[in-house]
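Not measured: the values here are computed from a predicted model. Both backbone and side-chain heavy atoms feed into the values below; hydrogens, waters and symmetry mates do not.
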Amino acid sequence: MVKTTVSVIKADVGSLPGHSRTHPKLLETAARMLKEAEGSIIIDSHVTHCGDDLELIMTHTRGEDNEEIHKLAWNVFTECARIAKEMKLYGAGQDLLADAFSGNVKGMGPGVAEMEFEERGSDPVLVFMADKTEPGAWNYFLYRIFADPFSTSGLVIDPSMHDGFTFEVHDVIEKRKILFNTPEESYSLLAYIGAPSRYVIKYVWKRNGEIAASTSTQRLNLMAGRYVGKDDPVMVIRAQSGFPSVGEVIDPFRTPILVAGWMRGSHHGPFMPVGVCDANCTAFDGPPRVICLGFQICNGKLIGPADMFDDPAFDRVRDRCCELTDVLRAHGPFEPHRLSLEEMEYTTLPGVEKQFKDRWEDIPE
(Lines give C-alpha, C1' and ligand atoms only; values in the text may rest on other atoms or scores of the structure.)
Protein backbone atom coordinates (compact mmCIF):
# COMPACT_ATOMS: atom_id res chain seq x y z
CA MET A 1 0.00 0.00 0.00
CA VAL A 2 1.31 3.48 -0.91
CA LYS A 3 2.08 5.52 2.19
CA THR A 4 1.46 9.24 2.62
CA THR A 5 4.17 11.53 3.95
CA VAL A 6 3.45 14.83 5.65
CA SER A 7 6.45 17.19 5.58
CA VAL A 8 6.49 20.45 7.51
CA ILE A 9 9.56 22.57 6.76
CA LYS A 10 10.06 26.12 8.07
CA ALA A 11 12.59 28.94 7.94
CA ASP A 12 12.89 32.59 8.85
CA VAL A 13 13.89 34.21 5.55
CA GLY A 14 12.95 37.82 6.35
CA SER A 15 10.28 39.77 8.19
CA LEU A 16 8.85 43.17 9.03
CA PRO A 17 9.20 45.23 11.06
CA GLY A 18 12.09 43.55 12.78
CA HIS A 19 11.19 40.00 13.83
CA SER A 20 7.41 40.38 14.07
CA ARG A 21 5.76 38.86 10.96
CA THR A 22 6.25 37.44 7.48
CA HIS A 23 5.60 39.74 4.51
CA PRO A 24 2.56 38.76 2.38
CA LYS A 25 4.71 38.73 -0.76
CA LEU A 26 6.82 35.91 0.69
CA LEU A 27 3.70 33.91 1.54
CA GLU A 28 2.34 34.44 -1.98
CA THR A 29 5.64 33.44 -3.59
CA ALA A 30 5.94 30.28 -1.50
CA ALA A 31 2.31 29.28 -2.16
CA ARG A 32 2.76 29.76 -5.92
CA MET A 33 5.98 27.74 -6.06
CA LEU A 34 4.46 24.84 -4.14
CA LYS A 35 1.28 24.96 -6.22
CA GLU A 36 3.41 24.62 -9.37
CA ALA A 37 4.99 21.49 -7.88
CA GLU A 38 1.67 19.80 -7.13
CA GLY A 39 1.02 16.79 -9.33
CA SER A 40 4.72 16.21 -9.95
CA ILE A 41 6.84 16.42 -6.80
CA ILE A 42 4.11 16.82 -4.17
CA ILE A 43 0.42 15.97 -3.89
CA ASP A 44 -0.83 18.98 -1.93
CA SER A 45 0.44 21.95 0.05
CA HIS A 46 -0.45 24.76 2.40
CA VAL A 47 1.63 27.84 3.25
CA THR A 48 1.28 29.92 6.38
CA HIS A 49 3.41 31.78 8.93
CA CYS A 50 3.94 31.93 12.67
CA GLY A 51 5.51 35.24 13.58
CA ASP A 52 8.49 35.76 11.27
CA ASP A 53 8.69 32.11 10.17
CA LEU A 54 7.58 30.91 6.74
CA GLU A 55 5.85 27.52 7.15
CA LEU A 56 5.57 24.98 4.30
CA ILE A 57 3.17 22.05 4.78
CA MET A 58 3.43 19.43 2.02
CA THR A 59 2.08 15.94 1.33
CA HIS A 60 3.67 13.38 -0.99
CA THR A 61 4.54 9.68 -1.32
CA ARG A 62 8.35 9.96 -1.25
CA GLY A 63 9.00 9.26 2.44
CA GLU A 64 11.05 11.21 4.96
CA ASP A 65 14.32 12.97 4.10
CA ASN A 66 13.55 12.87 0.37
CA GLU A 67 16.01 14.92 -1.67
CA GLU A 68 13.44 16.28 -4.14
CA ILE A 69 11.07 17.41 -1.37
CA HIS A 70 13.82 19.08 0.59
CA LYS A 71 15.25 20.71 -2.53
CA LEU A 72 11.80 22.10 -3.35
CA ALA A 73 11.59 23.64 0.12
CA TRP A 74 15.15 24.98 -0.17
CA ASN A 75 14.34 26.59 -3.52
CA VAL A 76 11.26 28.22 -2.01
CA PHE A 77 13.26 29.60 0.90
CA THR A 78 16.11 30.90 -1.24
CA GLU A 79 13.73 32.64 -3.65
CA CYS A 80 11.82 34.20 -0.77
CA ALA A 81 15.12 35.25 0.84
CA ARG A 82 16.11 36.92 -2.44
CA ILE A 83 12.84 38.89 -2.46
CA ALA A 84 13.29 39.73 1.22
CA LYS A 85 16.75 41.15 0.52
CA GLU A 86 15.36 43.27 -2.31
CA MET A 87 12.81 44.73 0.10
CA LYS A 88 15.46 45.08 2.85
CA LEU A 89 13.34 42.99 5.20
CA TYR A 90 14.88 42.23 8.56
CA GLY A 91 16.94 39.05 8.86
CA ALA A 92 16.65 38.24 5.15
CA GLY A 93 17.89 34.68 4.66
CA GLN A 94 18.61 34.39 8.38
CA ASP A 95 17.92 30.65 8.74
CA LEU A 96 19.74 29.62 5.54
CA LEU A 97 23.14 28.60 6.85
CA ALA A 98 24.50 27.12 3.60
CA ASP A 99 25.15 28.57 0.17
CA ALA A 100 24.04 25.53 -1.80
CA PHE A 101 21.68 22.58 -1.36
CA SER A 102 23.36 19.28 -0.46
CA GLY A 103 20.84 16.41 -0.35
CA ASN A 104 18.44 17.57 2.37
CA VAL A 105 17.94 20.65 4.49
CA LYS A 106 18.95 19.04 7.78
CA GLY A 107 21.92 20.92 9.19
CA MET A 108 21.34 23.78 6.72
CA GLY A 109 19.12 25.91 8.97
CA PRO A 110 15.44 25.15 8.23
CA GLY A 111 13.42 23.15 10.76
CA VAL A 112 11.87 19.85 9.63
CA ALA A 113 9.15 17.57 11.04
CA GLU A 114 8.02 14.68 8.84
CA MET A 115 6.05 11.47 9.20
CA GLU A 116 5.12 8.65 6.81
CA PHE A 117 2.06 6.48 7.41
CA GLU A 118 -0.64 4.36 5.83
CA GLU A 119 -3.83 6.41 5.76
CA ARG A 120 -6.65 5.17 7.97
CA GLY A 121 -10.32 5.36 7.06
CA SER A 122 -10.20 8.84 8.59
CA ASP A 123 -6.85 10.44 9.45
CA PRO A 124 -6.89 13.74 11.39
CA VAL A 125 -3.47 15.41 11.50
CA LEU A 126 -2.58 18.47 13.59
CA VAL A 127 0.35 20.70 12.62
CA PHE A 128 1.83 22.90 15.35
CA MET A 129 4.14 25.81 14.53
CA ALA A 130 5.94 28.04 17.03
CA ASP A 131 7.86 31.29 17.05
CA LYS A 132 10.42 32.70 19.50
CA THR A 133 11.25 29.45 21.27
CA GLU A 134 13.30 26.24 21.09
CA PRO A 135 12.45 22.62 20.10
CA GLY A 136 12.22 21.50 23.73
CA ALA A 137 9.10 23.62 24.10
CA TRP A 138 7.10 20.62 22.81
CA ASN A 139 8.35 18.29 25.58
CA TYR A 140 5.76 19.27 28.19
CA PHE A 141 2.86 18.99 25.77
CA LEU A 142 3.94 15.68 24.23
CA TYR A 143 4.17 14.15 27.69
CA ARG A 144 0.74 15.46 28.63
CA ILE A 145 -0.76 14.23 25.34
CA PHE A 146 0.77 10.75 25.16
CA ALA A 147 1.66 9.82 28.75
CA ASP A 148 -0.55 11.70 31.23
CA PRO A 149 -3.91 10.00 31.94
CA PHE A 150 -5.12 13.10 33.80
CA SER A 151 -4.85 14.93 30.47
CA THR A 152 -5.62 12.14 27.97
CA SER A 153 -8.38 9.94 29.37
CA GLY A 154 -8.02 7.61 26.38
CA LEU A 155 -4.88 6.18 28.00
CA VAL A 156 -7.21 4.68 30.63
CA ILE A 157 -10.50 4.02 28.84
CA ASP A 158 -9.46 3.28 25.22
CA PRO A 159 -8.19 -0.33 24.83
CA SER A 160 -6.24 0.66 21.68
CA MET A 161 -4.12 3.12 23.72
CA HIS A 162 -3.86 1.16 26.94
CA ASP A 163 -0.39 -0.25 26.17
CA GLY A 164 1.09 3.26 26.06
CA PHE A 165 3.58 4.95 23.74
CA THR A 166 7.30 4.99 22.94
CA PHE A 167 9.23 8.29 23.02
CA GLU A 168 12.46 8.91 21.11
CA VAL A 169 14.50 11.56 22.95
CA HIS A 170 17.47 13.35 21.36
CA ASP A 171 20.38 14.85 23.27
CA VAL A 172 21.05 17.87 21.05
CA ILE A 173 24.38 18.61 22.75
CA GLU A 174 25.99 15.15 22.58
CA LYS A 175 24.14 14.13 19.36
CA ARG A 176 22.72 10.86 20.71
CA LYS A 177 19.24 9.37 21.18
CA ILE A 178 17.37 7.02 23.50
CA LEU A 179 13.93 5.32 23.62
CA PHE A 180 11.58 5.33 26.62
CA ASN A 181 8.39 3.27 26.94
CA THR A 182 5.47 4.70 28.88
CA PRO A 183 3.86 4.21 31.30
CA GLU A 184 6.54 1.97 32.84
CA GLU A 185 9.46 4.35 32.16
CA SER A 186 7.56 7.62 32.64
CA TYR A 187 9.69 8.81 35.56
CA SER A 188 12.91 8.13 33.66
CA LEU A 189 11.53 9.97 30.63
CA LEU A 190 10.69 12.99 32.78
CA ALA A 191 14.18 13.01 34.27
CA TYR A 192 15.49 13.94 30.83
CA ILE A 193 12.76 15.92 29.05
CA GLY A 194 12.42 18.22 32.06
CA ALA A 195 15.65 19.78 30.74
CA PRO A 196 14.23 20.92 27.36
CA SER A 197 17.25 22.99 26.32
CA ARG A 198 19.22 19.75 25.92
CA TYR A 199 16.82 16.79 25.71
CA VAL A 200 14.14 17.00 23.02
CA ILE A 201 11.40 14.55 22.04
CA LYS A 202 11.82 13.79 18.33
CA TYR A 203 9.21 11.05 17.73
CA VAL A 204 6.36 9.33 19.52
CA TRP A 205 5.08 5.90 18.40
CA LYS A 206 2.36 3.54 19.47
CA ARG A 207 3.86 0.42 20.96
CA ASN A 208 3.04 -1.44 17.72
CA GLY A 209 5.32 0.94 15.80
CA GLU A 210 2.72 3.28 14.30
CA ILE A 211 3.98 6.86 14.12
CA ALA A 212 2.06 9.26 16.36
CA ALA A 213 4.12 12.46 16.48
CA SER A 214 7.17 14.04 14.87
CA THR A 215 8.99 17.27 15.75
CA SER A 216 11.85 19.41 14.52
CA THR A 217 14.92 19.20 16.77
CA GLN A 218 17.30 21.52 14.91
CA ARG A 219 19.26 23.93 17.14
CA LEU A 220 20.33 26.83 14.91
CA ASN A 221 22.95 28.20 17.28
CA LEU A 222 24.65 24.83 17.62
CA MET A 223 24.70 24.38 13.83
CA ALA A 224 25.97 27.87 13.07
CA GLY A 225 28.38 28.17 15.97
CA ARG A 226 26.96 31.59 16.77
CA TYR A 227 23.65 33.21 17.66
CA VAL A 228 21.46 33.51 14.55
CA GLY A 229 17.97 33.49 16.08
CA LYS A 230 15.78 31.02 17.94
CA ASP A 231 14.82 27.68 16.42
CA ASP A 232 11.04 28.17 16.20
CA PRO A 233 10.10 24.47 16.04
CA VAL A 234 7.29 22.62 14.25
CA MET A 235 5.41 19.44 15.18
CA VAL A 236 3.00 17.00 13.50
CA ILE A 237 0.58 14.82 15.51
CA ARG A 238 -1.94 12.19 14.37
CA ALA A 239 -5.23 12.02 16.28
CA GLN A 240 -8.24 9.75 16.89
CA SER A 241 -8.75 6.00 16.32
CA GLY A 242 -5.95 4.58 18.45
CA PHE A 243 -4.32 7.94 19.12
CA PRO A 244 -5.38 10.74 21.49
CA SER A 245 -8.47 12.58 20.27
CA VAL A 246 -8.17 16.02 18.70
CA GLY A 247 -9.46 17.55 21.92
CA GLU A 248 -6.95 15.60 24.01
CA VAL A 249 -4.11 16.79 21.77
CA ILE A 250 -4.87 20.50 22.02
CA ASP A 251 -6.23 20.68 25.60
CA PRO A 252 -2.76 20.80 27.29
CA PHE A 253 -2.14 24.11 25.53
CA ARG A 254 -4.74 25.67 27.85
CA THR A 255 -2.01 25.56 30.52
CA PRO A 256 0.46 28.48 30.30
CA ILE A 257 4.03 27.22 30.58
CA LEU A 258 7.30 29.12 30.39
CA VAL A 259 9.65 28.42 27.49
CA ALA A 260 13.08 29.70 26.50
CA GLY A 261 13.45 32.18 23.67
CA TRP A 262 11.44 35.41 23.36
CA MET A 263 13.53 38.59 22.94
CA ARG A 264 16.98 37.91 21.41
CA GLY A 265 16.47 34.22 22.25
CA SER A 266 17.62 35.12 25.76
CA HIS A 267 14.53 35.11 27.96
CA HIS A 268 11.88 32.85 29.44
CA GLY A 269 8.35 33.70 28.44
CA PRO A 270 4.83 32.24 28.42
CA PHE A 271 3.93 30.05 25.43
CA MET A 272 0.78 31.64 24.02
CA PRO A 273 -1.61 29.62 21.79
CA VAL A 274 -3.17 31.92 19.17
CA GLY A 275 -5.06 31.84 15.90
CA VAL A 276 -3.05 32.51 12.76
CA CYS A 277 -4.40 36.07 12.64
CA ASP A 278 -2.70 36.74 16.01
CA ALA A 279 0.59 34.98 15.23
CA ASN A 280 2.53 38.25 15.14
CA CYS A 281 5.15 38.78 17.84
CA THR A 282 5.19 42.41 18.94
CA ALA A 283 5.22 42.62 22.77
CA PHE A 284 8.97 42.53 23.55
CA ASP A 285 9.15 40.56 20.27
CA GLY A 286 6.69 38.08 21.72
CA PRO A 287 5.61 36.53 23.91
CA PRO A 288 6.42 33.17 22.25
CA ARG A 289 3.52 32.04 20.05
CA VAL A 290 2.14 28.68 18.91
CA ILE A 291 -0.47 28.06 16.22
CA CYS A 292 -2.17 24.80 15.27
CA LEU A 293 -3.77 23.91 11.94
CA GLY A 294 -5.92 20.80 11.71
CA PHE A 295 -6.34 18.75 8.53
CA GLN A 296 -8.01 15.55 7.39
CA ILE A 297 -5.69 13.59 5.11
CA CYS A 298 -7.49 12.05 2.12
CA ASN A 299 -5.37 10.24 -0.49
CA GLY A 300 -2.59 12.69 0.26
CA LYS A 301 -4.85 15.74 -0.01
CA LEU A 302 -4.98 18.28 2.80
CA ILE A 303 -8.65 18.74 3.70
CA GLY A 304 -8.70 21.98 5.68
CA PRO A 305 -7.18 23.72 7.47
CA ALA A 306 -9.08 24.41 10.67
CA ASP A 307 -7.45 27.07 12.86
CA MET A 308 -7.56 25.16 16.14
CA PHE A 309 -6.58 27.93 18.57
CA ASP A 310 -8.95 30.49 17.00
CA ASP A 311 -11.43 29.67 19.75
CA PRO A 312 -12.66 31.65 22.79
CA ALA A 313 -12.00 28.55 24.89
CA PHE A 314 -8.33 29.61 24.74
CA ASP A 315 -9.00 33.23 25.78
CA ARG A 316 -8.30 32.49 29.43
CA VAL A 317 -4.87 30.99 28.80
CA ARG A 318 -4.04 33.97 26.58
CA ASP A 319 -5.02 36.31 29.44
CA ARG A 320 -2.86 34.32 31.86
CA CYS A 321 0.05 34.49 29.42
CA CYS A 322 -0.28 38.27 29.36
CA GLU A 323 -0.22 38.35 33.18
CA LEU A 324 2.90 36.20 33.23
CA THR A 325 4.44 38.49 30.62
CA ASP A 326 4.00 41.43 32.99
CA VAL A 327 5.54 39.52 35.91
CA LEU A 328 8.57 38.37 33.93
CA ARG A 329 9.16 41.70 32.19
CA ALA A 330 9.37 43.36 35.61
CA HIS A 331 12.56 41.33 36.20
CA GLY A 332 14.32 43.17 33.37
CA PRO A 333 17.83 41.70 32.85
CA PHE A 334 17.60 39.46 35.93
CA GLU A 335 17.01 35.72 36.03
CA PRO A 336 14.62 33.92 35.81
CA HIS A 337 13.37 36.25 33.05
CA ARG A 338 16.79 36.14 31.45
CA LEU A 339 18.04 32.62 30.74
CA SER A 340 20.58 30.95 33.00
CA LEU A 341 24.26 31.58 32.25
CA GLU A 342 24.62 28.07 30.83
CA GLU A 343 21.92 28.73 28.24
CA MET A 344 23.16 32.27 27.59
CA GLU A 345 26.33 30.70 26.19
CA TYR A 346 24.32 30.15 22.99
CA THR A 347 23.21 33.79 22.68
CA THR A 348 25.06 37.06 22.07
CA LEU A 349 26.18 37.43 25.72
CA PRO A 350 29.63 35.79 25.16
CA GLY A 351 30.44 38.71 22.86
CA VAL A 352 29.92 41.08 25.80
CA GLU A 353 31.91 38.89 28.20
CA LYS A 354 34.84 38.78 25.76
CA GLN A 355 35.27 42.56 26.08
CA PHE A 356 35.97 42.25 29.81
CA LYS A 357 37.94 39.01 30.05
CA ASP A 358 41.27 40.83 30.64
CA ARG A 359 39.86 43.02 33.43
CA TRP A 360 39.10 40.17 35.84
CA GLU A 361 41.61 39.66 38.70
CA ASP A 362 42.10 36.64 40.92
CA ILE A 363 41.06 37.07 44.56
CA PRO A 364 43.80 36.06 47.03
CA GLU A 365 42.95 33.10 49.32
Side-chain angles (χ1 to χ4, degrees), residues 1-11 22 24 26-50 53-66 68-77 80 105 110-130 138 203 210-216 232-247 249-250 273-277 279 290-311:
M1 184 176 181
V2 176
K3 294 184 177 181
T4 297
T5 306
V6 177
S7 296
V8 182
I9 306 181
K10 55 71 58 179
T22 304
L26 304 188
L27 296 170
E28 293 165 6
T29 300
R32 173 182 55 77
M33 292 180 70
L34 291 189
K35 186 63 64 177
E36 291 172 352
E38 290 178 12
S40 56
I41 301 176
I42 58 177
I43 299 172
D44 203 358
S45 64
H46 182 80
V47 173
T48 188
H49 80 104
C50 185
D53 291 289
L54 181 60
E55 316 277 357
L56 311 181
I57 303 170
M58 299 170 284
T59 56
H60 52 93
T61 59
R62 300 167 183 266
E64 296 183 32
D65 295 328
N66 179 265
E68 287 189 90
I69 298 299
H70 283 224
K71 189 173 192 302
L72 172 62
W74 182 260
N75 289 343
V76 170
F77 292 141
C80 288
V105 297
V112 183
E114 298 179 290
M115 62 164 62
E116 181 185 35
F117 54 87
E118 290 185 8
E119 289 188 21
R120 298 168 289 169
S122 181
D123 225 312
V125 169
L126 301 172
V127 179
F128 294 84
M129 295 153 278
W138 302 132
Y203 294 111
E210 275 190 272
I211 188 68
S214 174
T215 78
S216 61
D232 308 329
V234 290
M235 174 170 68
V236 184
I237 294 180
R238 298 172 77 194
Q240 307 290 159
S241 303
F243 299 102
S245 70
V246 168
V249 172
I250 65 174
V274 296
V276 175
C277 63
V290 54
I291 62 173
C292 175
L293 295 183
F295 299 91
Q296 290 288 145
I297 308 297
C298 177
N299 301 320
K301 289 286 188 179
L302 294 166
I303 310 301
D307 192 344
M308 304 305 293
F309 292 144
D310 185 15
D311 180 349

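- Proximity of Thr22 to Asp53: side-chain heavy atoms (C-beta onward) are nowhere separated by under 4.5 Å.
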Next on the checklist: Show, in sequence, the C-alpha distance, side-chain angles and deciding distance for Leu54 and Lys10, and conclude whether the side chain to side chain contact (heavy atoms under 4.5 Å, CB included) test is met.
Outcome noted: CA-CA 6 Å; Leu54 181 60; Lys10 55 71 58 179; over 6 Å; no
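- The CG atom of Asn66 sits 8.0 Å away from atom OG1 of Thr5, with the distance rounded to the nearest 0.5 Å.
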Next on the checklist: Does Ile41 form a side chain to side chain contact (heavy atoms under 4.5 Å, CB included) with Arg62? I'd like the steps, not just the answer.
Outcome noted: CA-CA 9 Å; Ile41 301 176; Arg62 300 167 183 266; 4.2 Å; yes
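- Heavy atoms only, all atoms of each residue included: Ala239 and Val249 are closest at CB-CG2, 4.3 Å.
- Closest approach of Ser216 to Pro233, counting heavy atoms only: OG-CA, 3.2 Å.
- The nearest pair of heavy atoms linking Ala113 to Thr215 is CB-C, 3.7 Å.
- Between the CG atom of Asp311 and the CD1 atom of Ile250 there is a distance of 7.0 Å, given to the nearest 0.5 Å.
- The side-chain heavy atoms of His46 and Thr48, taken from C-beta on, include a pair separated by under 4.5 Å.
- For Met115 against Val236, the heavy-atom pair with the smallest separation is CE-O, 3.4 Å.
- No side-chain N or O of Glu38 forms a donor-acceptor pair with one of His60 less than 3.5 Å apart.
- Between Val127 and Glu55, the closest side-chain pair of non-hydrogen atoms is not below 4.5 Å.
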Item to check | Verdict with reasoning, Arg32 to Glu28, per salt bridge (charged side-chain N to carboxylate O under 4.0 Å, His left out) | outcome: CA-CA 6 Å; Arg32 173 182 55 77; Glu28 293 165 6; over 6 Å; no
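- Ile211 has its side chain out of reach of Glu116: every pair of non-hydrogen atoms, C-beta onward, lies at least 4.5 Å apart.
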Item to check | Chi angles and distances behind the side chain to side chain contact (heavy atoms under 4.5 Å, CB included) call for Leu72, Phe77 | outcome: CA-CA 9 Å; Leu72 172 62; Phe77 292 141; over 6 Å; no
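- Considering all non-hydrogen atoms of both residues, Ala279 and His49 come closest at O-CE1, 3.3 Å.
- Glu119 and Thr4 form a side-chain donor-acceptor contact under 3.5 Å, judged by distance and modelled atom types alone.
- For the residue pair Ser7 and Glu114, a side-chain donor N or O sits within less than 3.5 Å of a side-chain acceptor on the partner.
- Met235 CE to Cys292 SG: the interatomic distance, rounded to the nearest 0.5 Å, is 8.0 Å.
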List, one per line, each side-chain donor-acceptor pair under 3.5 Å for residues 295-309, sequence neighbours excluded.
from	atom 1	to	atom 2	distance (Å)
Gln296	NE2	Ser122	OG	3.0
Asp307	OD2	Val276	N	2.9

Next on the checklist: Is there a side chain to side chain contact (heavy atoms under 4.5 Å, CB included) between Phe117 and Val125? Walk through the geometry before answering.
Outcome noted: CA-CA 11 Å; Phe117 54 87; Val125 169; 4.1 Å; yes
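- For the atom pair NZ (Lys35) and CD1 (Ile42), the distance works out to 8.0 Å, reported to the nearest 0.5 Å.
- Nearest heavy-atom pair across Arg120 and Phe243 is NH1-CD1, 3.3 Å.
- In this structure, CD on Glu68 lies 8.5 Å from OG on Ser40, to the nearest 0.5 angstrom.
- Put simply, CG on Leu56 and CE on Met33 are 9.5 Å apart, with the number rounded to the nearest 0.5 Å.
- Residues Ile57 and Val47 have side chains not in contact (no heavy-atom distance under 4.5 Å, counting atoms from C-beta outward).
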